[in-house]
Number of protein chains: 2
Amino acid sequence: MEDGPAASPPRRGAAVSGERQATLRDVARAAGVSQATASRVLNGSIRNVRQGNAARVLAAAAELGYAPHLSAQAIARGSTNTVALVVSGVDDPYFSSIAAGVTQAAEAAGLIVTMAVAGRSPERELQIVRTLRGMRPRAIILTGSRIDGSDTRDALVEEFDAYRDAGGSVVLISQHDLPFRTVSIDDYGGARQLARALAGLGYRRFAVVCAGGGLRTSRDRCGGFMDGLREFDIDINEQRVVEAEFSRRGGCAAARELVRRGLDGTELVFAVSDVMAIGAMTAFRDAGLVPGQDVAVAGFDDIGPAVDVVPELTTVTVPLRQLGLRAMELALSDDDASRIVQVSTSVVLRGSTRRLPRPRADDRG
Amino acid sequence: MEDGPAASPPRRGAAVSGERQATLRDVARAAGVSQATASRVLNGSIRNVRQGNAARVLAAAAELGYAPHLSAQAIARGSTNTVALVVSGVDDPYFSSIAAGVTQAAEAAGLIVTMAVAGRSPERELQIVRTLRGMRPRAIILTGSRIDGSDTRDALVEEFDAYRDAGGSVVLISQHDLPFRTVSIDDYGGARQLARALAGLGYRRFAVVCAGGGLRTSRDRCGGFMDGLREFDIDINEQRVVEAEFSRRGGCAAARELVRRGLDGTELVFAVSDVMAIGAMTAFRDAGLVPGQDVAVAGFDDIGPAVDVVPELTTVTVPLRQLGLRAMELALSDDDASRIVQVSTSVVLRGSTRRLPRPRADDRG
DNA sequence: TTGAAAGCGCTACCAA
DNA sequence: TTGGTAGCGCTTTCAA
């Protein structure tokens with residue numbers, strides 16, 4: 001009571017209202033107009049409102065710090081400005097690049113992105129889709145490899161069907177066999193090309209690091225690689241194929257396992273993803289082997305860090321960010337409900353596969 | 001007409017309703033109960049409903065593929081299960097690690113995360129916060145360095161104030177000087193410690209790669225580093241300080257610039273973030289210099305890839321994922337509205353600073 | 001150009 | 001244990 005002139009303690013800033021977000025009614029009242037008019041001013045149809053009123057509404061809104069209740073708008077309009085994105089993990093450069101693409105495209109379209117992490121669990125994935133559906137997003141974009149033999153497949157399809165029937169649009173990234181719009185990577189073909197290129201370089205003795213757990217992506221890449229090799233009459237010994245977690249850690253573990261079993265003349269290790277390949281390189285190094293020299297390494301994806309490791313990683317380029325952009329594009333288009341868009345991949349030979357006709361490779365070592 | 005027995009074409013799946021998401025009314029009707037009862041069954045208070053009814057409601061919901069309209073719930077309940085996260089970029093391992101932490105904590109609390117990307121633009125940031133506020137999230141978590149001299153500061157504070165007054169909770173990560181709950185990194189102290197450690201190793205001639213544009217984080221880290229050096233009577237020549245974009249690319253550019261100016265006896269380059277440091281290492285390598293040997297490099301953050309590059313990067317550890325977890329914790333607590341939580345940092349000496357008493361360092365280069 | 005009023009899908013209170 | 005009903009904040013006819 002000693003400081004202020006009045007009894008009621010004044011509040012700072014524009015938001016004088018206190019304890020409650022300002023509503024459209026508040027704005028309308030403050031501006032001396034009806035809710036309808038205020039609403040008209042605050043979105044499109046400002047043209048049908050007298051200037052003076054419009055100005056007063058705008059002023060009142062600013063004064064009160066008004067922010068329209070998106071949920072209320074959604075419910076009144078019957079539609080939202082939201083897009084839902086489901087990834088396996090944010091941390092992984094593969095997904096974060098895709099997410100960057102999606103976000104960028106969404107932004108350009110004035111949409112808000114809601115992201116959920118399913119972490120390689122089909123059950124979790126299903127549950128997430130169910131929840132996300134409740135947000136009535138314009139689209140649900142699902143990334144992450146399908147898992148063979150998972151029994152949630154039908155439930156997922158059902159969920160998506162219901163969503164699509166109600167006007168939502170479903171886009172899958174790198175998932176095959178699900179009857180929805182899909183941005184697809186040619187995992188098999190890319191790996192096959194890679195195998196050919198490497199065999200062409202003169203490599204003959206290979207090992208493969210792949211992911212377990214029925215991950216479709218891993219299986220396709222392995223298959224393509226093996227088939228490509230077979231064209232050169234090269235087979236891979238069972239002992240030289242090791243399964244591990246689809247992550248950097250997994251790559252490390254797999255490389256260690258390979259070393260334990262005895263590399264035994266293996267010239268090149270193909271890991272089904274760059275993340276795994278990079279893990280493997282580090283593990284090899286820790287085991288006293290120089291990647292690219294004692295043992296060549298190749299990956300798949302061409303994530304950003306692939307060029308920061310030494311030697312730079314030979315891999316198959318996947319336009320990750322584009323994947324995201326395309327997915328949003330597909331989501332917003334009104335074409336066939338189950339169109340498939342293939343993005344193209346290409347082999348990039350770098351220092352990690354040593355017999356490389358590239359001058360700079362020698363400066364490194 | 002030849003195939004089906006009846007005239008109307010049947011639709012696949014459980015979602016027989018067609019063209020419209022099933023509503024609670026649909027479910028209630030199908031189950032032969034009132035909306036109120038259906039609502040009770042579908043959330044908490046199932047205990048106060050007769051078993052038979054409950055079962056029928058559940059069945060009907062499943063049959064119709066019912067997914068509650070989250071916006072409607074939000075509006076009826078007056079609260080949401082949403083948390084908003086604003087980052088500068090998804091692609092950047094710094095932010096994606098934080099995002100992983102936030103997401104994990106949110107999941108545990110049954111919250112949905114909405115993510116927006118502000119990309120180093122204060123204006124965009126402000127606009128995003130404004131929009132996000134409309135979602136009435138339980139909390140808004142903002143990451144990314146404050147930018148000195150940006151004139152959006154007051155507007156941002158105002159926005160947050162209004163939001164908080166209405167019951168929202170604001171959490172800042174690594175932003176200083178804003179009157180809200182903050183999870184803070186000791187940028188200055190960490191960098192100072194690093195400088196001491198490096199000087200202790202015997203380094204005397206330094207260069208610094210920092211970010212321009214008034215980025216507070218960069219300034220603090222630079223300042224700490226310089227002050228730490230000064231304790232050893234070491235000064236850094238102006239010519240040895242270069243500003244660049246706060247990104248991998250920026251790091252590359254800065255390193256090139258340094259080489260252009262002539263390294264001239266520089267023993268160690270400190271980059272204000274690992275992302276920049278890694279870019280710099282790659283650029284040095286491309287210029288024919290071996291990082292860790294011809295020139296030592298140190299960074300800040302200890303992002304994942306820091307141990308995948310060669311030589312491994314000396315840096316200051318910041319518990320990125322924890323930052324995210326703590327932020328959610330703060331967001332959900334009802335302590336003081338402007339508490340500051342410091343996470344601790346620590347220096348990690350690795351191969352990129354060569355005079356390192358670590359045996360394995362020799363196996364590498 | 002304006003305002004009254006009818007919803008949108010849901011929750012929660014109250015009475016039965 | 002139930003159902004009727006009054007909102008929640010907004011948009012959008014429909015008349016005036």
Side-chain angles (χ1 to χ4, degrees), chain A residues 17 19-57 60-61 64-82 131 133-137 166-168, chain B residues 17 19-57 60-61 64-82 131 133-137 166-168:
Chain A
S17 63
E19 295 322 298
R20 203 172 53 76
Q21 300 266 18
T23 74
L24 187 59
R25 261 180 53 167
D26 300 331
V27 174
R29 229 190 312 248
V33 299
S34 74
Q35 265 196 65
T37 299
S39 173
R40 278 188 282 256
V41 171
L42 262 12
N43 35 58
S45 16
I46 193 172
R47 313 146 51 96
N48 313 332
V49 177
R50 211 190 313 150
Q51 282 236 344
N53 277 344
R56 258 176 305 143
V57 169
L64 295 171
Y66 172 72
H69 196 304
L70 262 26
S71 288
Q73 288 193 150
I75 211 180
R77 290 212 252 254
S79 74
T80 65
N81 286 315
T82 294
T131 305
R133 193 148 82 78
M135 304 185 63
R136 303 290 185 270
Chain B
S17 64
E19 295 323 297
R20 204 173 52 77
Q21 299 266 18
T23 74
L24 186 59
R25 260 180 54 166
D26 300 330
V27 174
R29 224 181 326 241
V33 299
S34 73
Q35 265 196 64
T37 299
S39 173
R40 277 188 283 255
V41 172
L42 263 11
N43 36 58
S45 15
I46 193 172
R47 311 147 53 95
N48 313 331
V49 177
R50 212 190 313 149
Q51 281 232 346
N53 278 345
R56 260 177 302 145
V57 169
L64 295 172
Y66 173 72
H69 195 305
L70 263 26
S71 288
Q73 288 192 153
I75 212 181
R77 290 212 251 254
S79 73
T80 65
N81 286 315
T82 293
T131 305
R133 193 147 82 77
M135 304 185 63
R136 305 291 187 269

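Please read all numbers here as calculations on a predicted model, not as lab measurements. Proteins come first, then strands; the chains are lettered A, B, ... in the order of their sequence lines, and each starts at number 1.
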Checklist entry - What is the distance from CG of A:Leu42 to P of C:dT2, rounded to the nearest Å? => result 14 Å
Checklist outcome for this item: Between NE2 of B:His69 and P of C:dT11 the distance, given in whole Å, is 12 Å
Item to check | Criterion side-chain contact (heavy atoms from CB on, under 4.5 Å) on B:Asn53 and B:Val41, from CA distance to verdict | outcome: CA-CA 9 Å; B:Asn53 278 345; B:Val41 172; 5.8 Å; no
Item to check | Which nucleotide in D:dT2, D:dC10, C:dG9 has an atom nearest any side-chain atom of A:Ala76 | outcome: D:dC10
Checklist entry - Nearest to the side chain of B:Asn53, which nucleotide is it out of D:dT2, C:dT11, D:dG9? => result D:dT2
Checklist entry - Once you round it to whole Å, what is the distance between C1' of C:dG9 and CZ of B:Arg20? => result 10 Å
Checklist entry - Counting just side-chain N and O atoms, does B:Gln73 come under 4.0 Å of either OP1 or OP2 of C:dC10? => result no
Checklist entry - Starting at CZ of A:Arg77 and ending at C1' of C:dG7, how long is that distance when rounded to a whole Å? => result 16 Å
Checklist entry - Considering only heavy atoms, which members of residues 25-38 of chain A lie under 4.0 Å from some atom of DNA chain D? => result A:Gln35, A:Ala36
Item to check | Candidate nucleotides D:dT2, C:dT11, D:dT11, ranked by approach to the side chain of B:Ser39 - the nearest | outcome: C:dT11
Checklist entry - Separation of B:Leu70 atom CG from C:dC8 atom C1', in whole Å? => result 15 Å
Checklist entry - How many angstroms lie between CZ in B:Arg136 and CD1 in B:Ile75, if you round to the nearest 0.5 Å? => result 9.5 Å
Checklist entry - Which atom names give the shortest non-hydrogen contact between B:Met135 and B:Thr80, and what distance separates them? => result O-CG2, 3.6 Å
Checklist entry - In terms of side-chain heavy atoms, does B:Arg133 have a donor or acceptor partner in A:Gln21 at a distance below 3.5 Å? => result yes
Checklist entry - Of B:Ile75 and B:Val49, whose closest DNA chain D nucleotide lies nearer the 5' terminus? => result B:Val49
Checklist entry - Would you say the side chain of A:Arg40 and the base of C:dG3 hold a donor-acceptor pair, judged only by whether the two atoms sit under 3.5 Å apart? => result yes
Checklist entry - Nearest to the side chain of A:Tyr66 - D:dT11, C:dT1, D:dC10? => result D:dC10
Checklist entry - What's the CG-C1' distance between B:Asn81 and C:dT11, to the nearest Å? => result 14 Å
Checklist entry - For the side chain of B:Leu24, counting heavy atoms from C-beta on, which of D:dG9, C:dC10, D:dC10 is nearest? => result C:dC10
Item to check | Phosphate OP1/OP2 of C:dT2: any A:Arg50 side-chain N/O under 4.0 Å | outcome: yes
Item to check | Shortest non-hydrogen contact from A:Ala30 toward A:Leu64 | outcome: CB-CD1, 4.2 Å
Checklist entry - Tell me: CG of A:Asn48 to P of D:dT12, nearest whole Å? => result 13 Å
Next on the checklist: If the cut-off is 4.0 Å, is B:Asn43 near the phosphate of C:dT11, judged by side-chain N/O to OP1 or OP2?
Outcome noted: yes
Next on the checklist: How long is the straight-line distance from CD of A:Gln35 back to CG of A:Leu42, given to the nearest 0.5 Å?
Outcome noted: 11.5 Å
Checklist outcome for this item: Between A:Ala38 and A:Leu24, the two heavy atoms sitting closest are CB-CD1, 3.7 Å
